[in-house]
**Q** 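Encoded as structure tokens, here's the structure I'll be asking about.
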Amino acid sequence: MTQKFPIVQADPGVTRQVLSESPELMVVAFTFDKDGEGKLHSHPHVQSTYVESGRFAFTVDGVETEVGPGDSFVIPSRAVHGCRCLEDGRLIDTFTPRREDFL
């Protein structure tokens with residue numbers, strides 16, 4: 001039922017760890033050093049992001065918003081998005097369906 005997934009380098013200053021997954025849903029933790037960046041990208045998955053700690057400047061379809069601990073939001077399928085880490089922090093993302101490329 002539970003499985004331990006490795007921590008992997010996602011980008012400079014950013015690590016990723018799958019926390020749980022099924023074909024329909026995946027939960028992933030991203031840990032950022034200050035100034036770490038999640039480069040602009042898009043994917044077919046719907047993504048929900050919860051800010052566990054830190055501060056981030058998120059861009060979704062050209063609109064930038066600053067978020068902090070306790071904030072959460074949904075990124076629609078195929079929306080171009082990315083973030084810059086303003087203070088060391090951790091994001092908890094869920095994807096539906098799961099991100100096969102993260103396995």
Side-chain angles (χ1 to χ4, degrees):
M1 179 176 220
T2 62
Q3 185 176 356
K4 188 81 170 170
F5 295 91
I7 297 171
V8 299
Q9 196 73 37
D11 283 306
V14 184
T15 61
R16 173 182 76 226
Q17 183 179 26
V18 173
L19 301 178
S20 59
E21 61 85 24
S22 74
E24 301 82 16
L25 183 69
M26 176 179 268
V27 181
V28 181
F30 288 88
T31 303
F32 286 76
D33 295 335
K34 184 177 185 223
D35 298 323
E37 187 174 343
K39 295 181 177 127
L40 287 174
H41 65 286
S42 69
H43 44 73
H45 315 81
V46 174
Q47 175 180 333
S48 172
T49 296
Y50 171 75
V51 182
E52 182 179 277
S53 62
R55 295 209 63 79
F56 297 84
F58 255 90
T59 301
V60 179
D61 281 342
V63 177
E64 186 173 290
T65 305
E66 190 171 317
V67 295
D71 289 337
S72 63
F73 51 95
V74 172
I75 300 170
S77 174
R78 304 205 188 284
V80 176
H81 61 284
C83 69
R84 288 180 295 110
C85 182
L86 306 174
E87 296 174 9
D88 290 358
R90 187 172 190 209
L91 302 174
I92 305 298
D93 288 351
T94 57
F95 299 93
T96 184
R98 76 176 161 205
R99 295 280 306 258
E100 297 287 343
D101 55 321
F102 286 178
L103 295 176

**Q** Show the numbers, then the answer: is there a side-chain contact (heavy atoms from CB on, under 4.5 Å) between Ile7 and Thr31?
**A** CA-CA 10 Å; Ile7 297 171; Thr31 303; over 6 Å; no
**Q** Taking the side chain as everything from C-beta on, heavy atoms only, tell me whether Gln17 gets closer than 4.5 Å to Lys4.
**A**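 Of all side-chain heavy-atom pairs linking Lys4 with Gln17, at least one is under 4.5 Å.
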**Q** Answer with yes or no whether the hydrophobic clustering places Val46 together with Val80; edges join I, L, V, M, F, W, Y residues whose side-chain heavy atoms lie under 4.5 Å apart.
**A** no
**Q** Enumerate the residue pairs fulfilling side-chain hydrogen bond (donor to acceptor under 3.5 Å, both in side chains) with a member in residues 70-80, sequence neighbours excluded, ordered by first and then second residue.
**A**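 Qualifying pairs: none.
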**Q** Per the salt bridge (Lys or Arg N to Asp or Glu O under 4.0 Å) rule, what does the pair list look like for residues 24-44, sequence neighbours excluded?
**A** Asp11-Lys39
**Q** Would you mind reporting whether Val18 and Arg98 have side-chain heavy atoms less than 4.5 Å apart?
**A** no
**Q** Please report the interatomic distance CZ(Phe95) to CG(Asp101), rounded to the nearest 0.5 Å.
**A**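 It is 8.5 Å, given to the nearest 0.5 Å.
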**Q** Looking at CG of Leu91 and OG of Ser53, how far apart are the two atoms once the value is rounded to the nearest 0.5 Å?
**A** 8.0 Å
**Q** Answer yes or no: is there a side-chain heavy-atom contact under 4.5 Å between Glu66 and Leu86?
**A**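 A side-chain contact exists here, since the closest heavy-atom pair is under 4.5 Å.
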**Q** Starting from Phe73, can I reach Met26 by hopping between I/L/V/M/F/W/Y residues whose side chains sit under 4.5 Å apart?
**A**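 In one cluster: yes.
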**Q** Restricting to side chain to side chain donor-acceptor pair (under 3.5 Å), what partner residues turn up for Arg16, sequence neighbours left out?
**A** none
**Q** Considering non-hydrogen atoms only, spot the tightest contact between Val74 and Pro76 and give its length.
**A** O-CD, 3.8 Å
**Q** List the steps, then state whether side-chain contact (heavy atoms from CB on, under 4.5 Å) holds for Leu103 with Glu21.
**A** CA-CA 9 Å; Leu103 295 176; Glu21 61 85 24; 4.0 Å; yes
**Q** For Glu52, enumerate each residue passing the salt bridge (charged side-chain N to carboxylate O under 4.0 Å, His left out) test, keeping only those at least two apart in sequence or located in another chain.
**A** Arg90
**Q** Report whether Val67 and Tyr50 are members of the same hydrophobic cluster (ILVMFWY, side-chain heavy atoms less than 4.5 Å apart, transitive linking).
**A**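 In one cluster with Val67: Tyr50, no.
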**Q** Do the non-hydrogen side-chain atoms of Val60 and Thr65 ever get within less than 4.5 Å of each other?
**A**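 With C-beta onward as the side chain, the pair stays apart.
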**Q** Taking all heavy atoms of Gly54 and all of Pro69, pick out the closest pair and write down the distance.
**A** O-CD, 3.1 Å
**Q** Specify the closest pair of heavy atoms between Phe56 and Cys83, including all atoms of both residues, with the distance to one decimal.
**A**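 For Phe56 and Cys83, the tightest heavy-atom pair comes out as CD2-SG, 4.2 Å.
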**Q** Does Gln9 have any side chain to side chain donor-acceptor pair (under 3.5 Å) partners at least two apart in sequence or in another chain, and if so, which?
**A** none
**Q** For Gln47, enumerate each residue passing the side chain to side chain donor-acceptor pair (under 3.5 Å) test, keeping only those at least two apart in sequence or located in another chain.
**A** His43, Thr49, His81, Asp93
**Q** For Ile92 and Ala29, which heavy atoms make the closest approach, and how far apart are they?
**A**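 Between these two residues, the closest heavy atoms are CD1-CB, 3.8 Å.
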**Q** Evaluate the side-chain proximity of Phe5 to Phe102: yes if any heavy-atom separation is below 4.5 Å, no if none is.
**A** no
**Q** Can you name the closest pair of heavy atoms from Ala79 and Ser42 and give their distance?
**A**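 Looking at all heavy atoms of both residues, the shortest contact is O-CB, 3.4 Å.
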